Amino acid sequence: MEPPDQLPPDAETIETIARATIAGLPRAFLDHLGEVVLLVEDFADDETLDALGIDDPYDLTGLYHGHPIGEKSSMETGALPDRIHLYRRAILDEWIATGVGLTELVRHVTIHEIGHHFGLSDADMHALEATVSDQ
């Protein structure tokens, strides 16, 4: 058995980093994230990968399921809550391959998926990421 300090970060570790990232967002964003569910799974399921045309599950580190805030309708009923999925094994693979710090990588993926919730452009997502990493 490997010593505990040699084990890869588990789902709880990834979730803790993601929740700290969310907690560091400006209040204007936090006020609109209350109903969004955060899920950490090892990989995306086959149905999700097929729908996205992705063959290798290691190619998907995160995914937002839902409608951006600007596209929501008060007429929608019975819909599942919006969800942010973080895929732990793909994140760990990228972490090892790139040498980027785990916290920085999870922060990046989390903010990217939150950006989809708000309908942000890539430039806006990078600007938002800078505000969180500066805190």
Side-chain angles (χ1 to χ4, degrees):
M1 181 174 197
E2 293 181 358
D5 62 345
Q6 298 299 310
L7 296 175
D10 59 10
E12 184 178 331
T13 300
I14 302 294
E15 182 176 345
T16 298
I17 296 168
R19 291 201 182 281
T21 297
I22 293 167
L25 290 170
R27 174 61 50 198
F29 289 91
L30 285 173
D31 290 344
H32 298 284
L33 285 173
E35 300 298 318
V36 177
V37 176
L38 175 67
L39 301 164
V40 179
E41 302 159 307
D42 272 351
F43 291 109
D45 59 41
D46 289 338
E47 182 181 346
T48 299
L49 294 169
D50 290 345
L52 295 170
I54 297 174
D55 294 324
D56 186 349
Y58 285 98
D59 288 341
L60 186 62
T61 56
L63 183 66
Y64 170 72
H65 278 152
H67 297 290
I69 286 179
E71 296 177 15
K72 292 194 181 293
S73 167
S74 62
M75 304 305 275
E76 290 180 25
T77 60
L80 290 172
D82 294 348
R83 300 172 315 280
I84 292 173
H85 296 259
L86 301 179
Y87 300 115
R88 183 183 78 91
R89 297 283 305 275
I91 288 170
L92 296 180
D93 192 60
E94 186 171 327
W95 173 51
I96 291 166
T98 65
V100 171
L102 183 64
T103 298
E104 183 180 347
L105 180 58
V106 172
R107 180 186 306 125
H108 173 76
V109 174
T110 302
I111 289 176
H112 185 86
E113 302 315 324
I114 287 169
H116 289 301
H117 175 68
F118 288 100
L120 300 178
S121 68
D122 283 342
D124 290 336
M125 289 179 205
H126 290 296
L128 180 58
E129 187 173 356
T131 68
V132 174
S133 62
D134 290 343
Q135 294 182 6

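As the structure is a prediction and not an experimental result, all values here were calculated from the model.
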For V37, what are the other residues in its hydrophobic cluster, where any two members join if their side-chain heavy atoms are less than 4.5 angstrom apart?
-> L39
Value rounded to 0.5 Å, distance of CG in L38 from OG1 in T110 | 6.5 Å
Does any non-hydrogen side-chain atom of L102 lie less than 4.5 Å from one of L92?
-> yes
Same apolar cluster (I L V M F W Y, side chains within < 4.5 Å links), L30/I84 = yes
With sequence neighbours left out, the residues meeting side chain to side chain donor-acceptor pair (under 3.5 Å) with H112 are H116
Non-neighbouring partners of D42 that pass salt bridge (charged side-chain N to carboxylate O under 4.0 Å, His left out), sequence neighbours left out = R88
Separation between CG (L49) and CG (L60), nearest 0.5 Å, reads 6.5 Å
Report whether M125 and V109 are members of the same hydrophobic cluster (ILVMFWY, side-chain heavy atoms less than 4.5 Å apart, transitive linking).
-> yes
Inter- and intrachain pairs under ring pair (Phe, Tyr, Trp, His ring centres under 6.0 Å), touching residues 14-41, at least two apart = F29-F118
Does one hydrophobic cluster hold both I96 and F43, with members joined at side-chain heavy-atom distances below 4.5 Å?
-> no
Quick note, side chain to side chain donor-acceptor pair (under 3.5 Å) partners involving residues 89-105, not counting sequence neighbours, are Y58-R89
Salt bridge (charged side-chain N to carboxylate O under 4.0 Å, His left out): pairs with one or both residues in residues 16-40, sequence neighbours excluded | E15-R19, R27-D31
At what distance, to the nearest 0.5 angstrom, does CG of L63 lie from CD1 of I54?
-> 8.0 Å
Separation of I91 CD1 from H108 NE2 (nearest 0.5 Å) = 10.5 Å
Residues two or more places apart in sequence or in another chain: which of them pass side chain to side chain donor-acceptor pair (under 3.5 Å) with D59?
-> none
So CD1 of I114 and CD1 of I22: to nearest 0.5 Å the spacing works out to 4.5 Å
Identify the two heavy atoms, one from L128 and one from T131, that lie closest to each other, and give their separation to 0.1 Å.
-> O-OG1, 2.7 Å
Sequence-distant partners of H65, ring pair (Phe, Tyr, Trp, His ring centres under 6.0 Å), two or more places apart | H85
T13 meets the side chain to side chain donor-acceptor pair (under 3.5 Å) criterion, sequence neighbours left out, with D10
Should the heavy atoms of other residues, nucleotides or ligands under 6.0 Å from CG of D55 be counted, would the total exceed 12?
-> no
State which residues pass side chain to side chain contact (heavy atoms under 4.5 Å, CB included) with A90; sequence neighbours excluded, sorted by chain then number.
-> T61, Y87
Residues passing the side chain to side chain donor-acceptor pair (under 3.5 Å) test with D50, sequence neighbours excluded, are none
Pairs flagged by salt bridge (charged side-chain N to carboxylate O under 4.0 Å, His left out) wherever residues 108-122 is involved - sequence neighbours left out | none
